[in-house]
Amino acid sequence: MNVLVENALVVQNLAVNLGDFYLQDFNLEVANGEYYVILGPTGAGKTVLLESIAGLHPVEGGRILLAGENLSALPPERRGIGFVYQDYMLFPHLNVAQNIAFGLTLRGEPAAVIAERVAELAQLLGIAELLHRVPRTLSGGEQQRAALARALIVKPRLLLLDEPLSALDPETSLSLQRELARLHRELGTTTIHVTHDFEEAVALGDRIAVLNEGQLVQVGPPEEIFRRPATRFVARFVGARNIFAGELRHLDNGYSHLQLPAIDIAVLTELTGRVHASLRPEDIVLSEEPLHSSARNCFRGRIVEIAERGMHIAVTVSIPPAFTCVITRRSLEELGLHVGREIYLSFKASAVHIFGG
Amino acid sequence: MNVLVENALVVQNLAVNLGDFYLQDFNLEVANGEYYVILGPTGAGKTVLLESIAGLHPVEGGRILLAGENLSALPPERRGIGFVYQDYMLFPHLNVAQNIAFGLTLRGEPAAVIAERVAELAQLLGIAELLHRVPRTLSGGEQQRAALARALIVKPRLLLLDEPLSALDPETSLSLQRELARLHRELGTTTIHVTHDFEEAVALGDRIAVLNEGQLVQVGPPEEIFRRPATRFVARFVGARNIFAGELRHLDNGYSHLQLPAIDIAVLTELTGRVHASLRPEDIVLSEEPLHSSARNCFRGRIVEIAERGMHIAVTVSIPPAFTCVITRRSLEELGLHVGREIYLSFKASAVHIFGG
Amino acid sequence: MKSLLADKMCVTFVFLGALLFFFLAWPLFKTVTASSPALLWETLLEVEVRNAILRTFYASFLATAIAFFLGVPLAYMLARTEFPGQELVQGLIDLPIVVPHSAAGIALLMFFGRRMWLGRLFERVGIRFVSNFPGIVIALLFVSLSFLVNAAREGFEAVDPRLERVARTLGASPWQAFWRISFPLAWHSILSGLILMWARGLSEFGAVVILVYHPMVAPVLIYERFESFGLNYARPVAALLILICLAVFVLLRLTARKRGAG
Amino acid sequence: MKSLLADKMCVTFVFLGALLFFFLAWPLFKTVTASSPALLWETLLEVEVRNAILRTFYASFLATAIAFFLGVPLAYMLARTEFPGQELVQGLIDLPIVVPHSAAGIALLMFFGRRMWLGRLFERVGIRFVSNFPGIVIALLFVSLSFLVNAAREGFEAVDPRLERVARTLGASPWQAFWRISFPLAWHSILSGLILMWARGLSEFGAVVILVYHPMVAPVLIYERFESFGLNYARPVAALLILICLAVFVLLRLTARKRGAG
């Protein structure tokens with residue numbers, strides 16, 4: 001089968017039973033070099049899934065193929081799969097250098113080779129100054145960097161990250177998120193990253209798979225997940241938001257413009273480079289004429305969809321890209337909106353939320 | 001001193017030392033029948049403060065007067081102060097009825113009297129069906145209602161509530177919050193309620209006291225705290241929000257209007273009666289002419305203040321009431337805004353957040 | 001977790017563990033089964049044996065009762081308050097576990113002996129310890145007290161002190177808060193401690209044999225019969241005592257499990 | 001929390017606790033101080049005493065070493081895996097605490113006696129247990145094993161199994177994960193267990209006196225002197241042994257505290 005060769009990891013009909021958690025007929029395919037994000041609510045059994053792939057949990061049925069090789073008979077130490085837990089799991093009795101070196105020490109590599117590789121990875125992850133500290137004196141972000149270095153030093157064929165940013169404060173989480181993206185660009189390691197955080201998934205994933213009750217309910221590029229949620233669960237879990245990816249351009253007068261394929265939007269941020277932007281549907285105002293107001297962004301577009309959502313009406317306007325905004329029923333009537341009509345759409349620069357690339 | 005007679009509780013120069021926490025020269029005055037909310041960040045020593053008032057922690061100095069009587073020499077059981085903890089602290093070996101009856105049982109009241117009073121309070125708190133259950137089979141909200149009934153049955157002179165809603169899910173928290181307001185109306189017990197939740201404080205408090213680093217940095221009616229934060233800490237902690245109290249009027253076409261003293265604003269809600277509304281400053285659009293747009297609320301007002309706030313400019317417009325909105329520097333220039341100028345202010349009905357009364 | 005204990009390591013560990021298991025289980029099993037039920041029954045009917053067993057039960061019961069009145073308050077204080085020298089007191093409670101019991105017997109003899117100050121004081125009110133029943137109680141109390149105090153202390157530590165504080169605000173005196181809240185909630189731990197202490201008291205030999213050889217408790221009887229008549233006469237008594245201790249031990253485990261579930 | 005233990009209740013509890021404190025402390029203190037340091041030194045120089053003490057140390061050391069090799073793997077399995085009959089094994093480990101030690105001595109005699117199957121087997125390779133040094137080791141192992149196994153089990157339970165799992169993904173075999181991760185991290189608990197077991201072995205009397213009266217361990221020597229010559233001759237030996245156990249006990253507490261801090 002072609003799919004087995006092209007894909008780095010193929011999971012077929014996996015069955016795992018672990019008391020209160022139960023996985024049945026589970027299938028998963030991750031392409032070579034892909035950054036694959038599994039997004040699901042807390043307690044959806046994501047940790048058990050990753051541990052099963054790594055051979056750390058007994059599997060009741062199904063096959064796990066890594067680069068075409070069936071892993072079922074292999075113990076975890078022979079699978080070549082790196083694992084990073086949410087709460088770091090650094091060995092508390094070893095210092096940072098010894099932690100990172102652990103995998104190579106086991107192989108009996110010469111001390112000089114180990115020291116060189118450790119220094120190299122510590123450099124790459126920005127923890128070169130911490131090598132002689134013991135884990136408990138490190139901050140959460142530093143510990144997670146050390147855990148990443150420890151996993152990467154043995155050059156795993158597949159890297160499994162179990163909510164690696166969830167235990168960190170927002171700022172550290174964001175900076176480590178950018179680090180993960182950079183590492184993936186530089187090393188190209190096939191990665192499965194599990195998270196419950198939607199912005200993290202968008203910012204990192206080549207593809208996102210949404211997990212619910214032991215099944216992947218939708219798999220696709222981030223854009224697609226948010227634009228066309230396949231089930232009500234996905235829609236509710238990812239929320240109805242406007243998400244865009246673009247390049248930031250700083251202007252002289254202190255503003256930034258986010259360059260989307262067709263338009264530039266004014267935003268307020270101190271970030272630079274490639275980022276994502278989200279905009280709440282409640283923050284968009286529709287009008288017949290362009291507004292002369294404090295709303296910095298005003299575009300003309302065409303209504304492509306009008307849908308009821310409880311007390312609100314969701315109106316999708318394509319400029320392009322498509323923006324979804326919610327308005328009241330009375331506004332719908334007063335403005336005489338219908339699909340196909342052209343309309344002006346305004347939102348304030350301060351209403352655009354910029355997050356990591 | 002007049003202040004000693006008028007006030008139910010007067011705390012003067014209180015000093016408490018408890019290892020990592022330290023309270024010095026602390027003063028507090030609560031009026032008879034008042035619902036007094038102490039608002040402060042988690043870990044600001046609020047629990048220790050309440051326990052000191054109740055006599056559960058040794059006090060190093062200062063006086064605590066309840067209805068003019070000095071409590072210093074009295075053990076907790078003779079102070080007549082009710083106490084409700086965040087995590088309920090129901091006696092796990094007693095059923096709900098025995099928990100509620102505890103205070104009366106200690107006094108040796110006749111069984112018939114106790115049964116009657118327990119039934120009465122269980123009725124009042126809507127837990128009449130749960131009387132024979134044991135605490136661990138109850139939901140959080142039910143446990144907290146039982147804990148309230150247990151505290152109220154001895155008719156305390158003062159009721160201390162230590163973050164009573166913080167352990168509950170948002171929905172239960174909201175319903176119990178309305179219950180607390182109703183109980184206070186019906187029983188009139190002088191109450192000190194400690195919380196870190198700002199909406200809870202606004203919804204319940206006759207007055208709010210903001211606690212920071214062992215001192216009350218501002219005391220006043222909710223409106224005043226948000227309108228005129230006395231310190232930078234208060235401003236940051238309560239956030240820059242527009243908060244209004246008003247009566248909801250449902251219209252036939254499915255809308256609601258919130259009646260403020262001078263204007264009515266359109267909102268979307270299923271609540272009724274007296275409520276609070278909050279509106280984020282980012283959600284208000286300013287313009288020279290009234291907008292013909294999907295923004296349902298549009299009012300003319302006069303600019304009373306323009307202040308810099310980092311990347312944003314905060315503009316306060318009085319209609320009345322005063323609304324604060326944030327705009328970008330460029331909007332400020334383009335619209336040529338200055339104090340005293342008349343301007344139109346628009347926001348969407350869906351941007352107004354309605355919460356409990 | 002089976003996958004973690006794979007192959008050779010698992011086999012080695014199971015083998016080593018099994019060795020230990022049989023080392024512990026086999027002698028006890030053999031002792032119990034070597035005597036026929038009829039012989040055990042006959043042994044139980046001997047007046048000397050029956051009296052020794054009942055005396056052991058009773059003495060251990062009395063020691064446990066005294067420990068309950070003196071030890072539970074101490075356990076509560078150790079759990080709830082901080083006082084200077086607390087660690088010293090806690091250390092002293094644990095000390096009888098490591099002090100040789102024959103040395104403990106000597107120490108008690110120095111204290112309660114007839115020529116000693118306290119011994120004479122008690123003799124005046126008619127209580128004699130050496131070679132007398134009260135001495136057995138004193139010896140058992142000394143060596144097995146720590147089991148009750150530690151169990152009770154852990155029980156009290158598991159009760160949230162805020163439960164007592166709430167009770168205080170509802171009008172309970174410290175005394176009422178203790179009896180109505182802390183004590184009932186710690187009761188399962190205290191009960192485990194009482195049973196464990198009682199069982200431990202049944203098995204005491206070293207301290208008793210020095211302080212009170214006669215009247216004999218059951219462990220001393222076993223020794224006496226072994227020394228005087230040999231293994232075959234001691235064995236049925238040992239088998240009986242092992243069976244009794246086994247029953248008590250199962251009771252203890254069930255109590256502990258009930259506490260875990262409750 | 002002083003306010004919680006007010007007035008009468010506090011006074012009552014302190015009084016009861018103090019009674020207990022003096023009941024435990026005074027006899028031990030008196031025994032140690034009744035003999036002058038010169039007398040203690042003299043006693044220590046007696047060949048019989050010195051040999052008995054050294055023999056006790058050595059036998060307890062050997063028992064502890066055997067328990068280390070057999071018991072630590074068992075403790076690891078009890079902490080990490082679930083197997084049928086696990087509760088039975090755990091119960092058996094705890095059993096020696098409540099079985100009367102003279103009965104345990106009888107049971108061991110049934111097993112290792114010269115006329116018994118295993119005893120004869122060992123006798124063929126030149127090891128005799130009854131009235132011989134190896135018998136002391138066996139008796140100490142039997143009665144104090146549970147202290148080490150329980151301490152080691154608690155130590156292993158405190159090590160997050162995910163640390164082992166991470167080590168496995170980095171290429172460690174189960175054996176390497178055990179030696180490089182779990183064992184070093186549980187080491188402080190195991191060390192406490194080893195010291196406690198050794199100290200407990202020093203104090204054993206009941207099982208040893210039945211299996212091996214001669215050559216004498218220190219607790220048996222105390223008994224022998226007391227029976228043959230009276231209290232005054234037994235006292236200095238008892239004082240010596242109490243002092244030694246006290247020193248070991250303080251060492252144990254310090255180890256435990258270091259573990260708590262680390």
Side-chain angles (χ1 to χ4, degrees), chain A residues 18-19 47-48 50-58 66 71 74-94 98-109 134-136 143-144 146-162, chain D residues 68 72-73 75-87 151-195 254-262:
Chain A
L18 207 96
T47 300
V48 174
L50 291 195
E51 289 192 337
S52 302
I53 294 173
L56 298 166
H57 271 305
L66 188 60
L71 294 184
L74 291 182
E77 63 266 31
R78 307 240 301 273
R79 295 193 176 193
I81 294 178
F83 205 109
V84 175
Y85 280 106
Q86 176 180 349
D87 38 358
Y88 334 124
M89 286 295 138
L90 292 178
F91 305 131
H93 58 310
L94 304 179
Q98 291 166 328
N99 262 283
I100 298 175
F102 190 82
L104 296 184
T105 312
L106 284 174
R107 293 184 191 169
E109 303 267 352
V134 287
R136 70 165 183 279
Q143 290 194 53
Q144 197 58 295
L148 271 167
R150 181 179 63 175
L152 289 170
I153 204 166
V154 295
K155 296 185 177 155
R157 297 188 286 175
L158 174 66
L159 184 62
L160 304 179
L161 308 176
D162 183 14
Chain D
F68 176 78
V72 169
Y76 183 71
M77 284 198 298
L78 286 170
R80 275 288 181 273
T81 65
E82 282 178 23
F83 54 86
Q86 181 160 24
E87 205 161 351
R153 179 177 50 73
E154 280 163 24
F156 285 126
E157 276 168 358
V159 177
D160 196 317
R162 291 183 299 161
L163 289 172
E164 291 172 13
R165 291 186 211 160
V166 166
R168 295 294 301 278
T169 66
L170 293 169
S173 66
W175 190 247
Q176 287 172 317
F178 176 77
W179 278 113
R180 286 174 177 266
I181 307 299
S182 311
F183 186 80
L185 287 173
W187 170 241
H188 266 300
S189 290
I190 296 172
L191 184 63
S192 287
L194 288 171
I195 298 176
L254 291 180
T255 311
R257 195 188 303 173
K258 192 175 159 200
R259 178 179 46 157

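This one's a predicted model, so the numbers in the text were calculated from it and none came from an experiment. Convention: sequence-line order gives letters A, B, ...; per-chain numbering from 1.
- Considering CZ of A:Phe102 and CD1 of D:Ile181, their distance stands at 4.0 Å, rounded to 0.5 Å.
- With a threshold of 4.5 angstrom between heavy atoms, A:Leu106 approaches chain D through its backbone and through its side chain.
- Residue A:Tyr85 touches chain D through its side chain alone, counting heavy-atom pairs closer than 4.5 Å.
- Among A:Glu51, A:Arg107, A:Arg79, A:Arg78, the residue making the largest number of heavy-atom pairs under 4.5 Å with chain D is A:Glu51.
- Of residues 150-158 of chain A, those residues with a non-hydrogen atom less than 4.5 Å from any non-hydrogen atom of chain D are, in numerical order, A:Arg150, A:Ala151, A:Val154.
- At least one side-chain heavy atom of A:Pro92 sits less than 4.5 Å from a side-chain heavy atom of D:Leu163.
- For chain D, the nearby part of A:Leu90 is the backbone; its heavy atoms alone come within less than 4.5 Å.
- Nearest approach of A:Pro75 to D:Arg168, heavy atoms of both residues: CB-NH2, 3.8 Å.
- Between A:Leu56 atom CG and D:Glu164 atom CD the span is 10.5 Å, to the nearest 0.5 Å.
- Residue contact with chain A, scored on non-hydrogen atoms closer than 4.5 Å, involves the backbone and the side chain of D:Ala167 alike.
- Here A:Leu159 contributes atom CG and D:Thr169 contributes atom OG1; the two are 9.5 Å apart, rounded to the nearest 0.5 Å.
- Rounded to the nearest 0.5 angstrom, A:Met89 CE and D:Arg165 CZ are separated by 9.5 Å.
- In this structure, D:Arg162 CZ and A:Gln86 CD are separated by 8.0 Å, a value rounded to the nearest 0.5 Å.
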